[in-house]
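Chain A is the first sequence line, chain B the second, and so forth, proteins listed ahead of strands; every chain is numbered from 1.
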There are 2 protein chains.
Amino acid sequence: MSTLNGVEYIDHIAYDSVVFGYAAGRLKILVMEYHNTGLFALPGGFIAMHEDLDEAVKNGLEARTGLKDIYLEQFHTFGKADRNKTDEMKKILEANEIHQKEFQWMLSRFISVGYYALINHELVTLHPDALSDSCTWYDINKLPKLIQDHASIVAKALQTLRDQIDRKLPLFALLGEKFTMQELQGLYEVILDEKLHRGTFQRKMLSMDILERHEKKYSGAANKAPYLYSFKKNWN
Amino acid sequence: MSTLNGVEYIDHIAYDSVVFGYAAGRLKILVMEYHNTGLFALPGGFIAMHEDLDEAVKNGLEARTGLKDIYLEQFHTFGKADRNKTDEMKKILEANEIHQKEFQWMLSRFISVGYYALINHELVTLHPDALSDSCTWYDINKLPKLIQDHASIVAKALQTLRDQIDRKLPLFALLGEKFTMQELQGLYEVILDEKLHRGTFQRKMLSMDILERHEKKYSGAANKAPYLYSFKKNWN
DNA sequence: TATTATTGTCTCATAAAGCGACAATAATAA
DNA sequence: TTATTATTGTCGCTTTATGAGACAATAATA
């Protein structure tokens with residue numbers, strides 16, 4: 001058992017989160033950069049001794065993003081014995097002039113539970129943690145090199161999101177409250193990384209009976225204006 | 001960090017396994033019964049300090065079943081703060097006259113990683129661990145009351161197996177080397193808990209090009225004899 | 001009023017799944 | 001030997017889902 005800022009955490013267990021956002025037609029995730037190290041990592045944290053695992057992740061993300069009620073999905077637990085490269089973690093601690101014995105537990109082996117989150121990037125104000133300079137959106141296709149096995153954590157999260165997109169459709173969280181069919185299709189396309197046929201996509205979405213049609217959205221362009229949609233209450 | 005039989009284990013982390021077997025047309029799982037307590041639990045264990053998580057589970061199951069190369073799938077990590085009822089664990093330790101301080105760590109909070117396994121029950125010799133009287137097959141529909149949240153672990157495992165049955169088809173491990181189409185269909189039916197149409201099922205299985213047809217199986221009954229099938233090498 | 005780009009919807013083609021039917025066949029009974 | 005019976009392998013028809021193009025409707029501009 002180890003303490004940080006007066007809170008007791010469970011040794012050797014952490015979580016890492018892959019926070020998806022959608023902006024300008026691009027799928028993005030949150031990445032933290034540690035002070036003076038050039039090292040990048042996923043937002044993560046530890047589990048307090050009396051805290052639910054799910055709650056720990058929820059609270060950690062709320063601290064980073066300011067959002068409550070984030071859509072969260074646990075997707076895998078990473079437990080390779082050699083996944084923690086101590087030199088990277090040492091560099092992070094040393095760059096912050098943390099040499100005290102009381103933080104040495106951070107250098108030990110960790111088993112990490114992976115969660116992905118879907119959030120609306122427009123509603124977020126980002127807060128880096130004490131060890132980090134920044135907490136920033138990165139295009140999923142232009143990620144910096146990440147520490148440890150975080151790249152494979154991202155890959156697994158993305159794969160899980162793709163597998164689940166047709167089953168649970170938690171996508172309302174990535175778009176605004178209201179959106180056009182084209183915006184929804186664009187989101188599907190960047191997640192699945194493939195082009196979809198417009199007519200087929202619209203037919204399928206409407207047949208699922210999960211969308212509500214609202215007023216039209218007049219963009220000022222010289223063409224027919226699309227309807228706005230939202231997800232129905234209790235759509236799943 | 002805590003020791004047991006001279007091995008150092010990571011505190012507060014465990015795994016629990018849902019080991020599926022198939023016998024007499026029934027889906028079964030392995031359940032352990034602890035000495036003199038009337039308490040039943042899933043086979044589980046701890047992770048040694050230098051051991052991969054996957055390896056720990058693999059080794060633990062090998063000890064229980066004698067099988068190597070077991071088909072294993074991680075499906076969820078259970079981290080509720082209140083999932084460990086200390087009275088149950090106390091009862092188990094006391095029934096084994098274990099009062100020593102060195103085992104008190106087993107009474108603490110545990111986060112548990114759930115795995116399911118598919119094994120051929122005919123190839124198994126079951127070995128209970130030191131605290132248990134028995135390690136026995138139970139029909140999935142006739143389970144005894146399990147300790148802690150093990151019932152929900154079983155439910156989640158079964159749900160995951162159902163979700164994955166059409167994607168990865170790891171079912172060869174549950175049947176013998178060779179099997180009839182009827183046996184394969186019966187397995188699908190008990191897993192999915194629904195009747196399937198014979199013609200459609202056969203057509204789909206054959207069209208997937210994953211089965212190899214062998215000689216016929218003459219049962220002695222007054223009807224046409226079915227072919228035996230096996231899964232092709234590198235079928236997935 | 002014509003033009004242009006985009007949307008909502010339709011139709012046709014193709015693929016997959018549900019369901020019943022029928023001949024083939026292994027053993028038994030007549 | 002032949003009829004009977006239960007089960008199997010497979011086929012055809014129907015229903016449902018998916019892929020792809022087409023066309024009228026429409027919002028703004030020329």
Side-chain angles (χ1 to χ4, degrees), chain A residues 24-25 162-169 171 175-176 178-232 235-236, chain B residues 24-25 162-169 171 175-176 178-232 235-236:
Chain A
R162 282 177 183 159
D163 292 345
Q164 297 185 340
I165 193 172
D166 273 329
R167 322 224 268 138
K168 316 192 62 175
L169 297 167
L171 303 181
L175 299 162
K178 293 180 181 176
F179 45 86
T180 65
M181 196 58 79
Q182 194 187 45
E183 289 168 340
L184 184 59
Q185 181 177 342
L187 176 54
Y188 266 76
E189 289 178 341
V190 294
I191 289 177
L192 297 176
D193 194 27
E194 65 176 313
K195 268 282 176 199
L196 302 177
H197 185 277
R198 188 177 62 87
T200 306
F201 180 80
Q202 176 135 329
R203 177 179 56 195
K204 188 174 168 187
M205 285 298 131
L206 293 179
S207 74
M208 286 199 293
D209 194 39
I210 59 173
L211 296 181
E212 199 158 354
R213 180 176 281 184
H214 301 281
E215 74 279 7
K216 290 193 168 191
K217 181 192 180 191
Y218 298 92
S219 64
N223 50 44
K224 188 170 179 177
Y227 288 106
L228 286 170
Y229 296 89
S230 67
F231 282 87
K232 287 186 178 176
W235 54 276
N236 59 351
Chain B
R162 282 177 183 159
D163 291 345
Q164 298 185 340
I165 193 172
D166 273 328
R167 323 224 266 137
K168 316 192 64 174
L169 298 166
L171 303 181
L175 300 162
K178 293 180 181 178
F179 46 85
T180 65
M181 195 59 78
Q182 194 187 44
E183 288 168 340
L184 184 59
Q185 182 177 343
L187 175 55
Y188 266 75
E189 290 178 340
V190 294
I191 289 177
L192 297 176
D193 195 26
E194 65 177 315
K195 269 282 177 201
L196 301 176
H197 185 276
R198 190 177 60 85
T200 307
F201 181 80
Q202 177 134 330
R203 177 179 55 193
K204 187 175 168 185
M205 284 299 131
L206 293 180
S207 75
M208 285 199 292
D209 194 38
I210 59 173
L211 297 180
E212 199 158 353
R213 179 176 282 182
H214 300 282
E215 74 279 6
K216 290 192 168 191
K217 181 191 182 190
Y218 297 93
S219 64
N223 49 44
K224 188 171 178 176
Y227 288 105
L228 287 170
Y229 297 88
S230 67
F231 281 86
K232 288 185 178 177
W235 55 276
N236 57 351

Visitor: Take the protein atom NZ of B:K204 and the nucleotide atom P of C:dA15, then report the distance between them rounded to whole Å.
Guide: 18 Å

Visitor: Would you say CD of A:Q182 has more than 12 non-hydrogen atoms from neighbouring residues, nucleotides or ligands within 6.0 angstrom?
Guide: no

Visitor: I want to confirm an ordering. Mapping A:R198 and B:S219 to their closest nucleotides on DNA chain C, which one lands closer to the 5' end?
Guide: A:R198

Visitor: Can you give me the closest heavy-atom contact between B:R198 and B:Q185, atom names plus distance?
Guide: CA-OE1, 3.7 Å

Visitor: Bend across the helix from C:dT1-D:dA30 to C:dA30-D:dT1, to 10°, with axes taken over 5 pairs at each end?
Guide: 30°

Visitor: Are A:M205 and A:Y188 packed together at the side-chain level, in the sense that at least one heavy-atom pair is separated by less than 4.5 angstrom?
Guide: yes

Visitor: Report the distance from atom OH of B:Y188 to atom P of C:dG18, rounded to the nearest whole Å.
Guide: 13 Å

Visitor: Please tell me which of A:K216 and B:Q182 maps to the more 5' nucleotide of DNA chain D, matching each residue to the nucleotide holding its nearest heavy atom.
Guide: B:Q182

Visitor: What are the 5'-most and 3'-most nucleotides of DNA chain D lying under 4.0 Å from any heavy atom of chain B?
Guide: D:dT5 to D:dG12

Visitor: Can you tell me how far P of C:dG20 sits from NZ of B:K195, to the nearest Å?
Guide: 14 Å

Visitor: How close do A:R162 and A:D193 get, counting heavy atoms only, and between which atoms?
Guide: NH2-CB, 3.7 Å

Visitor: What is the distance from CZ of A:R203 to P of C:dC10, rounded to the nearest Å?
Guide: 11 Å

Visitor: Please give, in whole Å, the distance from C:dG8 P to A:F201 CZ?
Guide: 12 Å

Visitor: Find out whether B:Y218 and B:K216 are in side-chain contact, i.e. whether some heavy atom of one side chain is under 4.5 Å from a heavy atom of the other.
Guide: yes

Visitor: Do B:D209 and B:K232 make a side-chain contact, defined as non-hydrogen atoms from C-beta onward lying under 4.5 Å apart?
Guide: yes

Visitor: Kindly write out the residues that satisfy side-chain contact (heavy atoms from CB on, under 4.5 Å) with A:E183, not counting sequence neighbours, or none if the list is empty.
Guide: A:F179, A:T180, A:K217

Visitor: Can you tell me which residue among A:E212, A:K178, A:H214, A:R213 is in a side chain to side chain donor-acceptor pair (under 3.5 Å) with A:Y229?
Guide: A:R213

